[in-house]
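One structure below.
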Amino acid sequence: MSKDERRVKHITPKTEDFSRWYIEIIQKSELADYAPMKGMMVIRPYGYAVWENIQRLLDQRIKATGHVNAYFPLFIPESFLQKEAEHVQGFSPEVAWVTMGGKEELEERLAVRPTSEAIIGHMYSKWVKSWRDLPVLINQWANIVRWEKVTRPFLRTTEFLWQEGHTCHETSEEAQTETLLILSLYKEFVETELAIPVISGIKSFREKFAGAQETYAIEALMSDGKALQMGTSHNLGQHFSKAFNIRFEDRNQNLQYVWQTSWGMTTRLIGAVIMSHGDDSGLKLPPRVAPIQVVIVPISMGNWKEDVLPAAQAIEEGLKKVGLRVLLDTREEFTPGWKFSEYEMRGVPLRIEIGPRDVKAGQAVLVRRDTREKMTLPLDAMASKVPGILEDIQASLFREAETFLRENTRQAGGYEEFKDVMDNQRGFVKSLWCGSDACEDKIKEDTMATIRVIPLELKSQAGPGACVCCGKEAKALAYFARAY
RNA sequence: CGGGGAGUGGCGCAGCCUGGUUAGCGCGCCUGCCUUGGGAGCAGGAGGUCGUCGGUUCAAAUCCGACCUCCCCGACCA
């Protein structure tokens, strides 16, 4: 058995069984664990720390674009959900209901929010009276419950965490601008902070949010070739403002319904990070969201506490001073080799090894998680060089994922070619589509692929051409993929 | 929700078919010694109502039933 095989012996290789690999990584790296109720998980401290980093970085962006945070109730009266017909129809199969309060049956049952358009719409109708009240730009961080039939940690759990933005605008144009602003904010966030390249665009009618006028989304390609929706931004039009009577008197003294948007990203993002970057040795966390960015492993030989520890502590302090999240692992019950493997499995981007030889030479050994590249660096250069190395790791993870995305995005002109790619290669397939539900359904039935998005920048490229499925005149160029 | 597989100390498994005292093994854990530059070694030790509930039986991890949970494949979804 080679060294490499020994190192990874207890993780199922990605290529052998992707989904087992995914589950094992989550449990062994202590991101999350199963709760005893179906479809529910505990986000453990290490996983929650990733979420906190995501929250912080996303929240900054949401606030920077003029939004403010608020909090709405967990429960929504049934009658509220029913006000928007498509909305209730879309969500009713997966709503959890509260029917009892203590020992008394409720007069009206309460939905545990599957999303908050209804309760927020109700409140907005109280708050919005004049054009001067607009726009309303509110976001909330909350938990959501959807009674899903098939669940998987982070990707689809009965309860999950998210942020949901809900805005009201004076005009349709403003709502559309907001919808696209958030879409691009999401794309920038995911690409910058999670190092995951995405394609963005509009959803087909079949795939749009229940109650929305239009749904836009960002989609990424996981390393098994399946697509994952990472964020959605909905232009709600006046669907909810009419259902909830959210009206205002406009600048011309006309009574009008507001134009709304809603948008969200969830703890699913963590699943995307795992599946985009991880390898057979475990997680690879992007430095921007890694709970531990740098781990220092002292080589504890001889009287290392005098020889090595002070130098290790000096590195720790120096790196903390420049704002890095650092862990110095001084535990004596584990050997350095054990720690190396452990932190690789947990996805720590950079490891610093320092032993007696290094201290004498005034240096330490740095090992990158992404490339496993080793380098030595003078001790007094740590604080100035390490941040740059982390940035390079972040950039390199993105490039690698970008290459994967590019290499797994294919064109298919004919239907046989389309089916062949879906069966044998997966990934995204770009094809022309006539716009009919019938073709979308047939493609799904034949290949399990759905339209992930119709990229906005490619709308004009639809041009003259034939639908990949029926051969009739195409209306759009769409990205198809099998999806989570 | 339909089809298939599984649940035995923290983890991975054996035992079940063919019921029979104190349910084994590897890893991990605890104590001590010794080690430490890629998951060290030795010695001693702790830890399990065999997923849950019920049934059959003199006797159930083992046979039967129901339920719970997980995994895989479908239909549904962030």
Side-chain angles (χ1 to χ4, degrees), chain A residues 1-12 17-20 22-24 27-28 30 33-41 90-95 114-115 144-164 186 203 206-207 209-210 215 217-220 227-234 262-272 281-282 297-305 308 330-345 351-359 364-365 367 372 374 376 444-445 448 450 482-484:
Chain A
M1 202 184 242
S2 74
K3 282 181 187 175
D4 210 52
E5 279 166 324
R6 258 191 290 123
R7 179 167 51 223
V8 301
K9 66 187 170 192
H10 60 300
I11 298 173
T12 302
D17 185 340
F18 190 85
S19 109
R20 189 162 174 183
Y22 177 76
I23 300 291
E24 284 181 7
Q27 296 199 289
K28 287 181 173 153
E30 298 181 353
D33 199 2
Y34 288 104
M37 306 82 77
K38 182 174 164 46
M40 313 217 184
M41 67 168 181
F91 281 102
S92 64
E94 54 192 50
V95 172
T115 180
I144 289 294
V145 169
R146 295 182 188 173
W147 221 260
E148 300 286 356
K149 287 164 184 166
V150 177
T151 57
R152 197 190 286 256
F154 291 114
L155 298 183
R156 183 170 295 102
T157 47
T158 302
E159 179 185 7
F160 57 93
L161 306 181
W162 79 353
Q163 61 65 217
E164 50 180 327
Y186 280 172
K203 288 279 183 184
R206 272 273 188 282
E207 301 281 330
F209 174 74
T215 289
I218 55 171
E219 294 265 341
L228 184 73
Q229 179 172 303
M230 298 193 54
T232 48
S233 183
H234 315 292
S262 71
W263 28 274
M265 287 211 283
T266 79
T267 34
R268 169 179 273 191
L269 293 176
I270 297 171
S281 299
V297 179
I299 308 302
S300 39
M301 301 174 77
N303 52 347
W304 67 281
K305 283 186 181 167
V308 177
T330 57
R331 290 178 298 175
E332 292 183 85
E333 61 268 35
F334 297 108
T335 63
W338 188 91
K339 292 176 185 174
F340 297 165
S341 300
E342 179 71 7
Y343 291 111
E344 278 170 17
M345 196 260 291
R351 174 174 80 239
I352 298 178
E353 309 173 6
I354 181 161
R357 293 202 302 264
D358 299 309
V359 174
V365 177
V367 186
R372 291 220 163 79
K374 287 195 178 191
T376 55
K444 187 172 181 182
E445 203 181 310
M448 295 192 291
T450 50
R482 291 184 193 171
Y484 276 99

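In what follows, chains carry the letters A, B, and so on, assigned in the order in which the sequence lines appear, proteins first and then strands, with residues in each chain numbered from 1.
- With distances taken from any side-chain atom of Arg357(A) to the nucleotides rC71(B), rG37(B), rA75(B), the minimum falls on rG37(B).
- Of all non-hydrogen atoms in Tyr22(A) and Pro153(A), the two that sit nearest each other are OH-O, 2.7 Å.
- Taking atom CD on Glu333(A) and atom C1' on rA40(B), their separation rounds to 14 Å, with Å as the unit.
- When the P atom is used for both rC1(B) and rC58(B), the distance is 38 Å, rounded to whole Å.
- Taking atom P on both rC16(B) and rA61(B), the two are 14 Å apart, rounded to the nearest angstrom.
- Using a 4.0 Å heavy-atom distance criterion, Leu155(A) is classed as a base contact.
- Distance check on atom P: rC70(B) versus rC29(B) gives 28 Å, rounded to whole Å.
- Summarising the base pairing, rC1(B) is matched to rG74(B) through a Watson-Crick or G-U wobble pair whose two defining distances lie under 3.5 Å.
- Side-chain contact annotation: Arg372(A) with Ser281(A), donor-acceptor N/O pair under 3.5 Å present.
- Taking the C1' atoms as reference points, rU8(B) lies 10 Å from rG51(B), given to the whole Å.
- In this structure, rG9(B) forms no base pair with any nucleotide, since neither Watson-Crick nor G-U wobble geometry is met with both distances under 3.5 Å.
- If you check every strand for non-hydrogen atoms under 4.0 Å, Pro93(A) touches nothing.
- For Lys38(A), no side-chain nitrogen or oxygen approaches OP1 or OP2 of rC71(B) to under 4.0 Å.
- Atom CD of Glu332(A) is separated from atom C1' of rC30(B) by 17 Å (rounded to the nearest Å).
- One atom, CE of Met345(A), and another, C1' of rG28(B), lie 13 Å apart when rounded to the nearest Å.
- The aromatic rings of Phe209(A) and His234(A) lie parallel to each other, with less than 30° between the two planes, well short of the 60° mark.
- Nucleic acid contact for Gln229(A): sugar-phosphate only, since backbone atoms but no base atoms lie under 4.0 Å from a heavy atom of the residue.
- The side chain of Arg331(A) places no N or O atom within less than 4.0 Å of a non-bridging phosphate oxygen (OP1 or OP2) of rU36(B).
- Here the options are Thr151(A), Ile23(A), Thr157(A), the test is side chain to side chain contact (heavy atoms under 4.5 Å, CB included), and the partner is Tyr34(A); only Ile23(A) passes.
- To the nearest whole angstrom, the two C1' atoms, one in rC64(B) and one in rU22(B), are 28 Å apart.
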